[in-house]
Structures are given as C-alpha cells and as structure tokens.
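If you're wondering where the values come from, they're calculated on a predicted model, not measured in any experiment.
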Amino acid sequence: MTIGKPFNQLAKKDYIYYIDNHKKYTDFNTLGLYRSICENKKLELNDRIEIRDYANIIFGKTFHFYQLKDPKTYFDLTTLGEELTVADEKQIWENIRETQQNIIKEKKIKHRNFGDYSKHNCGYDDCPYNGLMVKQNSWLKETHIHFETDKNEYAAKDKSERIKKERKNKRSIIKDALED
C-alpha cells in the first residue's frame, strides 16, 4: 500500500495512524515524516511536539542518527517550541557536532558523505549542480563534516617539506664551515 499524499498535508490523527502502521506502506519515509512535522502548517505547535515525541518512541534510533545525516532537521525538531538565545543555539550545535563525531567513531565509518553533506549546495538557486550527488573530495563539494580534532593534511605536508629543507641546509652549512 502507499500513502498517496505528502506528509505535510496530514492531520494529527493521520500522522499517528501512519506511524503505527508504517510497515504496511511501501512509500513510508521516516526522514520525510520528521521534515514534514516542521513544515506542516495545519498543525498547532503542541500537536507537532506530540507527534515528534510519539514518532521518537518508535523511530528513536533513526532520529538519533539524523544528527549525522540531516543535522538541520534534527536541530529544528529538538528545538520545537523553545525560545533560544544565540548561546543556546551554539551550545546545541556544539553538542550535535560532538555526537556526530561519536557516531562516526562508534560505527567505524571511514567516509563522511551523509545526507546533506553528500549533495552539492552552493546557495545559488540557478546552479545546475544543486542537489547533485558528489564524491567526498570533489571540487563541487561545498560543505563537509569536519571536527576540531581532525588532522590538517596540508599542514603536515608543509611541515614535512620545511623539515626536509632544514635538513638540507644543515648539511650545506656544515659543509661550508668545514671548507673555510
């Protein structure tokens, strides 16, 4: 069976029904469900929060992974109905980054191409590459996951070249000193 209409056009009772019977529907998409909770204009704030909490009971593990896959949606859903200061927002984003790093470590994931991070999004509406799936280190890649603890491969290469030059200079300095 298929749902047949977008999630963001559903009423509260329909959300509950589809969440309870999600295995019966071939076009059920949990990410679409969570995104629609924020987008649905028919729902009151209390209804959105109630639907989010109910969905988290069933799809809690999936929702937790959205911190890595789609952090913007995760942020929007976790802060539904809250009045946030700039400091609160920064702290929540910092917590999301720490959790992303932990998820990558726990699951031993070698690459960082997930959800929003795997698509080209330069910010221009008329860009022909918008939404295009791109490889991890492609020149089309605008955003990527990075953490403070990551090693800077360019700095390591520069350091290596600098040490190599110093070694060569030492030899020439010693050689010049011996010749004099």
Side-chain angles (χ1 to χ4, degrees), residues 1-125 127 129-134 136 141-147:
M1 290 193 312
T2 60
I3 295 171
K5 61 180 177 179
F7 279 120
N8 61 3
Q9 295 177 356
L10 299 177
K12 179 183 171 185
K13 62 181 175 119
D14 296 331
Y15 271 104
I16 303 297
Y17 174 79
Y18 288 125
I19 290 170
D20 287 338
N21 300 303
H22 69 276
K23 291 184 180 177
K24 292 181 183 178
Y25 295 94
T26 56
D27 63 342
F28 188 86
N29 178 356
T30 55
L31 181 57
L33 169 83
Y34 279 115
R35 283 183 178 164
S36 73
I37 292 171
C38 295
E39 296 171 358
N40 197 330
K41 303 295 183 205
K42 294 180 181 179
L43 298 174
E44 298 293 324
L45 180 62
N46 294 334
D47 293 339
R48 290 179 187 182
I49 293 170
E50 189 176 326
I51 292 168
R52 176 200 63 195
D53 294 340
Y54 186 72
N56 285 346
I57 292 170
I58 296 173
F59 307 116
K61 193 173 181 181
T62 305
F63 183 67
H64 180 70
F65 189 73
Y66 286 152
Q67 291 179 73
L68 187 63
K69 186 175 182 180
D70 191 355
K72 176 77 171 103
T73 300
Y74 181 85
F75 175 81
D76 291 344
L77 284 169
T78 54
T79 59
L80 262 178
E82 295 180 13
E83 294 292 325
L84 299 175
T85 63
V86 174
D88 292 338
E89 279 187 39
K90 286 183 180 180
Q91 184 59 47
I92 291 170
W93 278 111
E94 184 60 35
N95 293 343
I96 289 173
R97 293 186 73 66
E98 288 173 10
T99 307
Q100 286 176 335
Q101 196 168 7
N102 291 337
I103 290 171
I104 287 175
K105 272 185 197 170
E106 287 172 12
K107 296 188 179 281
K108 298 178 183 170
I109 298 172
K110 302 288 184 197
H111 63 89
R112 295 185 183 172
N113 267 6
F114 289 97
D116 290 341
Y117 300 111
S118 65
K119 295 181 181 178
H120 176 77
N121 184 11
C122 63
Y124 296 107
D125 292 335
C127 180
Y129 301 116
N130 273 346
L132 182 72
M133 299 287 284
V134 292
Q136 188 166 4
K141 192 94 170 136
E142 297 295 325
T143 58
H144 60 281
I145 300 174
H146 62 279
F147 305 110

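- The CD atom of Q67 sits 15.0 Å away from atom NZ of K72, with the distance rounded to the nearest 0.5 Å.
- Ion pair R35/D70 flagged as a salt bridge, since at least one NZ, NE, NH1 or NH2 atom sits closer than 4.0 Å to an Asp/Glu carboxylate oxygen.
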> Step by step, would you call Y54 with I16 a side-chain contact (heavy atoms from CB on, under 4.5 Å)?
Replying inline: CA-CA 8 Å; Y54 186 72; I16 303 297; 3.7 Å; yes
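- Distance alone, capped at 3.5 Å, places no donor-acceptor pair between the K12 side chain and the L43 backbone.
- No more than 12 heavy-atom neighbours from other residues, nucleotides or ligands sit within 6.0 angstrom of CD on E44.
- Residues F75 and I96 approach most closely at CB-CD1, 4.2 Å, considering heavy atoms.
- Put simply, CZ on F7 and OG1 on T30 are 8.5 Å apart, with the number rounded to the nearest 0.5 Å.
- Atom CG of L10 is separated from atom NZ of K42 by 7.5 Å, given to the nearest 0.5 angstrom.
- The side chain to side chain contact (heavy atoms under 4.5 Å, CB included) search around I49 returns L45, R52, D53, L80, not counting sequence neighbours.
- I103 places a side-chain heavy atom less than 4.5 Å from the side chain of K107.
- The structure places CG of D88 at 8.5 Å from CD of Q91, a figure rounded to the nearest 0.5 Å.
- Between Y74 and the options F63, Y66, W93, a ring-ring contact (aromatic ring centres under 6.0 Å, His included) holds for only F63.
- In this structure, R48 contributes its side chain and E39 its backbone to no donor-acceptor pair below 3.5 Å.
- We find the OG1-CG distance between T78 and L84 to be 8.5 Å, quoted to the nearest 0.5 Å.
- Residues F65 and F59 place their aromatic rings such that the two centres sit no closer than 6.0 Å.
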> Run the side-chain contact (heavy atoms from CB on, under 4.5 Å) check on I51 and N40 step by step: do they pass?
Replying inline: CA-CA 12 Å; I51 292 168; N40 197 330; over 6 Å; no
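- A distance of 6.0 Å or more separates the ring centres of Y18 and F28.
- For the atom pair I37 CD1 and D47 CG, the distance stands at 11.0 Å (nearest 0.5 Å).
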>> Using side chain to side chain donor-acceptor pair (under 3.5 Å), reason through N56 and Y34 one step at a time and then give a plain yes or no.
In response: CA-CA 10 Å; N56 285 346; Y34 279 115; 2.7 Å; yes
